[in-house]
2 protein chains.
Amino acid sequence: MNKPRKQPTMHDVARHAGVTTMTVSRALRPNTSVSSNTRTKIKKAADELGYVLDGTASVFSSGKSGFIGVIIPTINNANFADTLRGLNEGFKDQRLQTLLGATGYSLSEEERIVQQFLQRRPEAIVLTGGSHTERCRKLITNSGIPVIEMWDLPKQPIGKVVGFSNKKAAKLMVKHLYDEGYRRIGFIGGDTTSDMRGLDRRIGFIESLKEFGLSPDRMVAAGEPPVAMNQARGAVTEMLQKWPDTDVIMCVSDPLAFAAMTECQRRGMSVPDDIAICGFGAYDISEHALPTISTVDVRSKEIGEQVAKKILQMLDPESRDNENQTIVEPKLIVRDSTKKQN
Amino acid sequence: MNKPRKQPTMHDVARHAGVTTMTVSRALRPNTSVSSNTRTKIKKAADELGYVLDGTASVFSSGKSGFIGVIIPTINNANFADTLRGLNEGFKDQRLQTLLGATGYSLSEEERIVQQFLQRRPEAIVLTGGSHTERCRKLITNSGIPVIEMWDLPKQPIGKVVGFSNKKAAKLMVKHLYDEGYRRIGFIGGDTTSDMRGLDRRIGFIESLKEFGLSPDRMVAAGEPPVAMNQARGAVTEMLQKWPDTDVIMCVSDPLAFAAMTECQRRGMSVPDDIAICGFGAYDISEHALPTISTVDVRSKEIGEQVAKKILQMLDPESRDNENQTIVEPKLIVRDSTKKQN
DNA sequence: TTGAAAGCGTTACCAA
DNA sequence: TTGGTAACGCTTTCAA
């Protein structure tokens, strides 16, 4: 009950302008029936008093928080950062604002954040992937708040979905490698427990190899997600010790691929002549590394844009029911790091 | 006035547990005087009803939003992402939550976000750098909300400061280059208009060269911030056309340095034998590139941790007045990309 | 340790 | 187009 400072309220503005708070409230919002005279008068009064709308009261009174809760695994990832940019651009100049949370690839942390967010009464919640704790699912469904899961195609979606099949995306790459003539194909990913999208890529890798009649033995777990550059050295070492004749290493992400590549180069191996490398995610680095790194563009930013679009539709009572699932197709990008020479 | 769904209120819980709302309110918060009997009873009742505290009402009623507004230039930058991680870890398990905004290096956008944030009544605001529009400064000071500016040491700080001198940090690097024997030193940065930290580094570069009796001509503007890898090629081209005998290129950030390096390598130049390269920011890439890239570690994460700590102090009425300015000293990291061979 | 009553500043609703 | 009035669900304050 003790506001940090005595700021002018709507009441003060109303008195100053000689109207009621209701008129002030209307005048300060767009698309409301207020005569332009009154509106200018009120805006002037508000300016003079240095009035700033108390959003906490609006939210409480209207039941509309203007928040969209967005939960991603980590901020320190250019792919998710791109998704966020897409989202924010979609909301720009709308009344909506993102409330961001990062789970660090932990489902229990996700649950914690969801619970925290729920108290803010967001108008929609965006989750990354389709794996959540039971309690998390229950909290969300009980709240009745619309949900979008992104970056994946969950088997049992909570609400709507914007994403792609990480399994299929990985298969795209394996097919390319096979077509290029590679047969001793290795895979470096994170531990399989927490990064479900990484896991799906690994599954795609395994299935795909089997389909081509190859056996998917050459797999190394680099450690806890987020798998970063500094896990590459150990993983490459393990790979080359166990299977020295590996002719290509497929990595679960571009930064890992890059670091794996330079590790190979440090060992005096030439990429792609002695060993080929490929990544995932179409990070900037894949385009600028030497050699350039083959990758899969999962169109991270477009995912964000589509999510924003879908949310705007879901929140619009006028809008007819839209698709439950939007698929953003990944695209293979072939570059120098997987070009067979012979 | 129309909440999206009829959820149970504190009143319902109170009735269910046979107490008043006030007791429920207390029971649901830590450090309040409620008998453990009553508390268990109330928690049970809340659980049974599936009650979720309406934070919007708490915020409104208590005048404490629990928000810390944090404004950075861009999310897609590992340095700022690290700062955010430091911040969030500092707030973890506290009642505070970050509300994040990205300006895209635009001061007017910063002003827009500040205005938006102010409506949420954040308990503190964290800004990046010391440059803001006049109106932005006024909005913030009028609000009476505590401010921290970070990542810089502003001449006229609005409130408290956690940062370092970008100028001095750049000088650290120039001194190293000079000591190493380089004399024809070039600089690639962004345009000077919007990224003030980048600008300060440039100024440090210029001043430092003058101090060493060298003339700071070899400067190329890569374009609009955020300066990214794809601006390196053009910048390197310009640099080598205008000053073909440049013996080292200092870049305003590591990603740029990396891309500049690979561009040189593509042209058949060897780094550091034919030309040396260095960056700024101690990004992962600088450690894993081949050769490894000399850089300045600005300890981004520590900045975030210090900001969180300072905010906690500022918000604690018990705490004695703390320092107005916390300096986090950057550290030079010398790597292979600037090792003179002869 | 618990309760009763009074707001907090805005918006919804209905009337003028 | 404008005004009056009643919430919105919680916390503060003070009293028991």
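Naming: A, B, ... by sequence-line order, numbering from 1 per chain. Values below: all heavy atoms of this structure, side chains included; hydrogens, waters and symmetry mates excluded.
A:His11 places its NE2 atom 16 Å from the C1' atom of C:dT11, with the value rounded to the nearest Å. Note: CZ (A:Arg15) to P (C:dG9) measures 12 Å, nearest angstrom. Straight-line distance from the CD atom of A:Gln119 to the P atom of D:dG9: 15 Å, rounded to whole Å. The CG atom of B:Leu53 sits 17 Å away from the P atom of D:dC8 (whole-angstrom rounding). Between the CG atom of B:Leu49 and the C1' atom of D:dG9 there is a distance of 15 Å, given to the nearest Å. In this structure, B:Arg121 atom CZ and D:dT11 atom C1' are separated by 18 Å, rounded to whole Å. With rounding to whole Å, B:Asp54 atom CG is found 19 Å from C:dC8 atom P. Straight-line distance from the CD atom of A:Gln7 to the C1' atom of C:dT10: 15 Å, rounded to whole Å.
Contact annotation: B:Thr20 does not reach the phosphate of C:dT2 (side-chain N/O to OP1 or OP2, under 4.0 Å). Under 4.0 angstrom from either OP1 or OP2 of D:dC10 there lies at least one side-chain N or O belonging to B:Tyr51.
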Under the criterion side chain to side chain contact (heavy atoms under 4.5 Å, CB included), I'd like the reasoning laid out for B:Arg197 against B:Thr128: C-alpha separation, chi angles, the key distance, then a yes or no. CA-CA 9 Å; B:Arg197 285 150 304 287; B:Thr128 306; 3.8 Å; yes
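Of all nucleotides listed (D:dG9, C:dG9, C:dT1), C:dT1 comes nearest to the side chain of B:Thr38. Of all nucleotides listed (C:dT10, D:dC10, C:dT11), C:dT11 comes nearest to the side chain of A:Ser62. Set against C:dT10, C:dG3, D:dG3, the side chain of B:Val19 has C:dG3 as its closest nucleotide.
Donor-acceptor pairing under 3.5 Å is recorded for the side chains of A:Glu111 and A:Thr133. A:Thr9 and A:Asp54 share no donor-acceptor pair across their side chains, judged by distance under 3.5 Å alone. Donor-acceptor pairing under 3.5 Å is recorded for the side chains of A:Thr20 and A:Thr23.
Here the side chains of B:Glu123 and B:Arg95 are in contact, with some heavy-atom distance below 4.5 Å. Here the side chains of B:Ser108 and B:Arg112 are not in contact, with every heavy-atom distance at 4.5 Å or above.
Evaluation of atom-type donor-acceptor distances gives no pair under 3.5 Å for the side chain of B:Ser58 against the base of D:dC10.
Minimum heavy-atom separation, B:Thr74 to B:Phe80: O-CD1, 3.7 Å.
Residue ring and base: A:Phe60 does not count as stacked with C:dT10 (centre distance below 5.5 Å and interplanar angle below 30° not both satisfied).
Residues from residues 21-34 of chain A with heavy atoms under 4.0 angstrom of DNA chain D, sorted by number: A:Met22, A:Thr23, A:Arg26, A:Ser33, A:Val34.
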